[in-house]
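The next block holds one structure in the form of structure tokens; read it before the comments.
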Amino acid sequence: MAISPGLIGALIGLVVGIVEYRIVSGLVIGALRRTDPSKTQAERDDYERRIGLVRVALVVLMIGVTPVLGYVIGQTVFG
């Protein structure tokens, strides 16, 4: 049974997306926490909620989209 070039591309894209997420999320979320302008607990809670939304967006864009791009590239170039 042969493995599709698209699946290999998707697997490579997944690995690249996970590594990319770890690096970028560490930098972006760390910078956001260092520059937190909150003065009250309610402001801090709202800021943390927004950081959570940024984290979700990064996961979707990096870990969700990169394997799809890897699949398309693998299938197009090698399939």
Side-chain angles (χ1 to χ4, degrees):
M1 182 170 134
I3 297 177
S4 167
L7 292 178
I8 294 171
L11 182 61
I12 292 170
L14 179 65
V15 171
V16 167
I18 290 171
V19 170
E20 183 181 39
Y21 169 75
R22 297 284 298 175
I23 293 169
V24 172
S25 70
L27 291 172
V28 170
I29 292 172
L32 286 172
R33 286 207 169 112
R34 281 192 304 275
T35 60
D36 184 2
S38 303
K39 291 177 180 46
T40 65
Q41 185 61 39
E43 288 177 346
R44 272 195 268 328
D45 292 341
D46 185 53
Y47 201 72
E48 284 298 319
R49 183 187 61 80
R50 290 175 190 222
I51 288 174
L53 293 174
V54 169
R55 178 174 282 140
V56 168
L58 289 173
V59 166
V60 168
L61 291 174
M62 293 180 180
I63 299 177
V65 173
T66 309
V68 173
L69 290 175
Y71 178 84
V72 169
I73 291 170
Q75 200 62 25
T76 303
V77 174
F78 301 107

Could you see if V77 belongs to whatever hydrophobic cluster contains V68? Use Ile, Leu, Val, Met, Phe, Trp, Tyr and a side-chain cutoff under 4.5 Å.
no

Any idea which heavy atoms bring E43 and K39 closest together, and the distance?
OE1-N, 2.6 Å

Y71 side chain to G13 backbone, donor-acceptor under 3.5 Å
no

Going from CZ on R50 to CG on D36, what distance comes out if it is rounded to the nearest 0.5 angstrom?
11.0 Å

Minimum heavy-atom distance between P5 and G74, given as atom pair plus value
CB-O, 3.5 Å

Taking every non-hydrogen atom, the tightest pair across L32 and Y47:
O-OH, 3.1 Å

Do I29 and I63 share a hydrophobic cluster, counting only Ile, Leu, Val, Met, Phe, Trp and Tyr and linking them when any side-chain heavy atoms are less than 4.5 Å apart?
yes

So Q75 and S4, do their side chains get closer than 4.5 Å, heavy atoms only?
yes

Should I3 and I12 be regarded as members of a common hydrophobic cluster, given that ILVMFWY residues are connected when their side-chain heavy atoms come within less than 4.5 Å of each other, either directly or indirectly?
yes

Between M62 and Y21 the two heavy atoms that sit nearest each other are SD-CA, 3.6 Å

Reported CG-to-CG distance for the pair L14 and L7, which is rounded to 0.5 angstrom
12.0 Å

Cluster question for you: counting only ILVMFWY and a side-chain heavy-atom cut-off of under 4.5 Å, with indirect links fine, are V59 and V16 together?
no

Group every Ile, Leu, Val, Met, Phe, Trp and Tyr by side-chain heavy-atom contacts under 4.5 Å, then state whether I18 and V54 land in the same group.
yes

